[in-house]
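Only heavy atoms go into these numbers, but all of them, side chains included; no hydrogens, no water, no symmetry mates.
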Amino acid sequence: MGRKSVAVLDVRSSEVAVFLGERGVNNTFVFKASKTESYDGYENGKFYSEENLSSAIFRALSAVEQICGERIRTLFIGVPGEFTEVVPKEQEIGFPKKKKITQKEISQLFESGKKPLKDHRFIRATSMIYVTADNRRTVDPLGIVSAGLSGVLSYFYCSRYFAETMERIFAQSKIALRFLPTQFAMAAYLIPSETRDECAAFLDVDYLSSTVCVLLGNGVLAQRTFWTGKGQVIVKLMEEFSLPYEAATALLGKANLYSKDTDGEMEFTFRGTSYKISLAKLIDAVTCGLDMICEAVGGFLEECSGGELDYKPLYVSGDGLSDVRGAFDHVSKRLNRVCELVVPDLPYYNRPSMSSRIALMDMAYEDNRKSGILYRFINGIGG
């Protein structure tokens, strides 16, 4: 595995993906190999089957190593919102006299608020905003002369269960594991910094779960994961029309919430079997499933935003809504808020399903770069 390459494991609620790549020109990415495998998923902070998860991961990992002809020695693992806790804190440190703030002082500020969290492991900390002793607000205090520094910080923790599960899976592989918060990586990559500086809301709709984040600066003010997503919409169709799972999944792609003609029936054929589908019941079932997402997200935003998000759009990614024509308009009306789809601004990868993978690759690449000896020496972080 080359020094410029990074390997990432993206754990979603219905599939895992392993990919190996490096930074290209103009902040693009060059993927040497990638492989996606389905697995059973998780619920209430536990995987349905660790054995099934392990098998899926190693099928993907082996395929990537075989394609590249390289051994993966360090693997960055995306931690889904289901297994992530975000703790926002205000921290402050003072200096004996005015001094130029360096990376050392910033690290001291972060360390001052780093506390253990029961059943969790600390994985990273970021800043929402910094304030100097003379009340200057800044997103980057490096080089500023001040007698003190305070900040509103975000501390990210991975559940001990998730971390230990991954360590058991890779126990015999001699691969070093590093954990990344998936939804924060997505939000930081997909939403411009100037938008996040004014507070923004981000929603990642996955297959079995959805995570919503309230963003401020380079951190997360609040985050919550709900047990609702594309899979629950499919279940509604299975129940309403007595369909097998695969047929209900295909039927979801036929739904059109823009259609004003909901009278009568449509003939739906799947693998040689025909079904009579009431158009009105199809629309009702799909909107009922979407409303579960809207109720969860809407309640959370009202609870935690304090008005900062009024009239601001909800940025949405993940592939949970992309299969349904009119889904974004329906969610927008229910939440009384514009929903704006955000995807990677990269050729061939500008799809909602690629958002988490590209975002994790971006964060992993930056973490890998900053861990290099030259970067650490230049920035005074140590050897």
Problem set entry | SB check Arg369 Glu366 (cutoff 4.0 Å) | yes
Problem set entry | Flag side-chain contact, heavy atom, 4.5 Å: Tyr42 against Pro80 | yes
For this session: Locate the shortest heavy-atom distance separating Leu237 from Ala285; write the atom from each residue and the value.
Result: CD2-CB, 3.7 Å
Exercise. Is the shortest heavy-atom distance from the side chain of Leu257 to the side chain of Asp329 under 4.5 Å?
Worked result: no
Problem set entry | Pair Arg59 + Glu37, salt bridge at N-O below 4.0 Å | yes
For this session: May I ask you to check whether over 12 heavy atoms, not counting those of Glu164, lie within 6.0 Å of atom CD?
Result: yes
Exercise. Looking only at heavy atoms, which two atoms of Gln91 and Ser112 are closest? And how far apart?
Worked result: NE2-OG, 3.1 Å
For this session: May I ask you to say whether Arg23 pairs ionically with Asp362, meaning some side-chain N is under 4.0 Å from a carboxylate O?
Result: yes
Exercise. Is there a side-chain contact between Arg337 and Ser332 (heavy atoms, below 4.5 Å)?
Worked result: no
Exercise. Going by heavy atoms in the side chains, are Ser322 and Phe328 under 4.5 Å from each other?
Worked result: no
Problem set entry | Between CD1 on residue Ile169 and CD on residue Glu50, distance to nearest 0.5 Å | 6.5 Å
Exercise. If you measure from the Lys or Arg side-chain nitrogens to the Asp or Glu carboxylate oxygens, is any gap between Asp10 and Arg357 under 4.0 Å?
Worked result: yes
Problem set entry | Residue pair Ser209, Thr225: steps toward the side-chain hydrogen bond (donor to acceptor under 3.5 Å, both in side chains) verdict | CA-CA 7 Å; Ser209 65; Thr225 297; 6.0 Å; no
Exercise. If you count the non-hydrogen atoms of other residues, nucleotides and ligands that lie under 6.0 Å from NZ in Lys254, is the total more than 12?
Worked result: no
Exercise. Can Glu15 and Thr36 be counted as having a side-chain donor-acceptor contact under 3.5 angstrom?
Worked result: no
Seminar exercise, completed: Scanning both residues in full, the closest heavy-atom pair of Gln183 with Cys213 reads CB-SG, 3.9 Å
Exercise. In Å and rounded to the nearest 0.5 Å, what is the CZ to OG distance from Arg351 to Ser317?
Worked result: 11.5 Å
Exercise. Closest heavy-atom contact between Thr195 and Ala200?
Worked result: O-CB, 4.1 Å
Exercise. What's the verdict on side-chain contact (heavy atoms from CB on, under 4.5 Å) for Val212 and Phe226, showing C-alpha distance, side-chain angles and the deciding distance?
Worked result: CA-CA 8 Å; Val212 61; Phe226 305 97; 3.5 Å; yes
For this session: Give the intermediate values and the outcome of side-chain contact (heavy atoms from CB on, under 4.5 Å) for residues Leu203 and Tyr315.
Result: CA-CA 6 Å; Leu203 172 63; Tyr315 297 96; over 6 Å; no
Exercise. Could you go step by step and tell me if Tyr275 and Leu251 meet the side-chain contact (heavy atoms from CB on, under 4.5 Å) rule?
Worked result: CA-CA 10 Å; Tyr275 304 89; Leu251 179 60; over 6 Å; no
Exercise. Is a side-chain N or O of Glu82 found less than 3.5 angstrom from the main chain of Asn44, in a donor-acceptor match?
Worked result: yes
Problem set entry | Short side-chain donor-acceptor distance under 3.5 Å, Thr165 and Arg168 | yes
For this session: May I ask you to check whether Phe170 and Phe58 place their ring centres under 6.0 Å from each other?
Result: yes
Problem set entry | Connected via hydrophobic side-chain network under 4.5 Å: Val235 and Leu282 | no
Problem set entry | Quiz item: cation-pi between Lys46 and Tyr161, 6.0 Å / 45° | yes
Exercise. Is the closest side-chain donor-acceptor distance between Glu22 and Ser5 under 3.5 Å?
Worked result: yes
Exercise. What is the distance from atom CZ of Phe162 to atom NE2 of His120, rounded to the nearest 0.5 Å?
Worked result: 11.5 Å
Problem set entry | Greater than 12 external heavy atoms within 6.0 Å of Asp284's CG | yes
Exercise. Is there side-chain contact between Pro344 and Tyr189, with at least one heavy-atom pair below 4.5 Å?
Worked result: yes
For this session: Go through the steps for Arg121 and Glu167 under the test salt bridge (charged side-chain N to carboxylate O under 4.0 Å, His left out), then give the verdict.
Result: CA-CA 13 Å; Arg121 291 187 190 176; Glu167 287 169 351; 2.5 Å; yes
Seminar exercise, completed: Residues Met166 and Phe47: closest non-hydrogen pair is CE-CZ, 4.3 Å
For this session: Please say whether the positively charged group of Lys114, taken as NZ for Lys or CZ for Arg, lies over the ring of Tyr155, i.e. under 6.0 angstrom from the six-membered ring centre and within 45 degrees of the axis.
Result: no
For this session: Would you mind reporting whether Tyr157 and Thr84 have side-chain heavy atoms less than 4.5 Å apart?
Result: no
For this session: Could you please spell out the steps behind the side-chain contact (heavy atoms from CB on, under 4.5 Å) verdict for Leu20 and Phe31?
Result: CA-CA 6 Å; Leu20 178 68; Phe31 287 99; over 6 Å; no
Exercise. Between Ser13 and Asp206, is any side-chain donor less than 3.5 angstrom from a side-chain acceptor?
Worked result: yes
For this session: Give a yes-or-no answer on whether the side chains of Asp140 and Thr138 include a donor-acceptor pair shorter than 3.5 Å.
Result: no
For this session: I would like to know whether Lys312 and Glu198 meet salt bridge (charged side-chain N to carboxylate O under 4.0 Å, His left out); could you show each step before the answer?
Result: CA-CA 10 Å; Lys312 291 185 178 180; Glu198 298 297 326; 5.1 Å; no
Exercise. When you check the gap from the basic side-chain N to the acidic O, do Lys100 and Glu105 get nearer than 4.0 Å?
Worked result: no
Exercise. Have Thr182 and Ser356 got a donor and an acceptor in their side chains that come within less than 3.5 Å?
Worked result: no
Problem set entry | Distance, nearest 0.5 Å, that separates CZ of Phe83 from OG of Ser159 | 6.0 Å
For this session: Begin with the C-alpha distance, continue with both residues' side-chain angles, and end with the deciding distance and a verdict on salt bridge (charged side-chain N to carboxylate O under 4.0 Å, His left out) for Asp197 and Arg137.
Result: CA-CA 11 Å; Asp197 288 345; Arg137 292 168 62 89; over 6 Å; no
Exercise. Taking the side chain from Ser150 and the backbone from Glu92, do they hold a donor-acceptor pair closer than 3.5 Å?
Worked result: no
Exercise. If we only count heavy atoms from C-beta on, is the Arg124 to Pro181 side-chain gap below 4.5 Å?
Worked result: yes
For this session: I would like to know whether Arg334 and Asp291 meet salt bridge (charged side-chain N to carboxylate O under 4.0 Å, His left out); could you show each step before the answer?
Result: CA-CA 8 Å; Arg334 280 299 310 271; Asp291 286 347; 2.8 Å; yes
Exercise. Does a side-chain heavy-atom distance below 4.5 Å link Val342 with Val316?
Worked result: no
Problem set entry | Same cluster (ILVMFWY, side-chain, under 4.5 Å), Ile67 and Val30 | no
For this session: Report the distance from atom CZ of Arg325 to atom CG of Leu252, rounding to the nearest 0.5 Å.
Result: 10.5 Å
Problem set entry | Co-membership, hydrophobic cluster, residues Met238 and Met266, 4.5 Å side-chain | yes
Exercise. With the 4.5 Å side-chain cut-off for hydrophobic clustering, are Ile144 and Ile106 part of the same group?
Worked result: no
For this session: Would you name the heavy atoms of Gly318 and Asp204 that are closest together and state the gap between them?
Result: CA-OD1, 3.5 Å
Problem set entry | Reported OG-to-CG distance for the pair Ser49 and Asp40, which is rounded to 0.5 angstrom | 5.5 Å
Exercise. Are Val152 and Val131 connected in a single hydrophobic cluster, I mean Ile/Leu/Val/Met/Phe/Trp/Tyr linked by side-chain heavy atoms less than 4.5 Å apart?
Worked result: no
Seminar exercise, completed: From the list Val8, Ile77, Leu61, side chain to side chain contact (heavy atoms under 4.5 Å, CB included) partner of Val18 resolves to Leu61
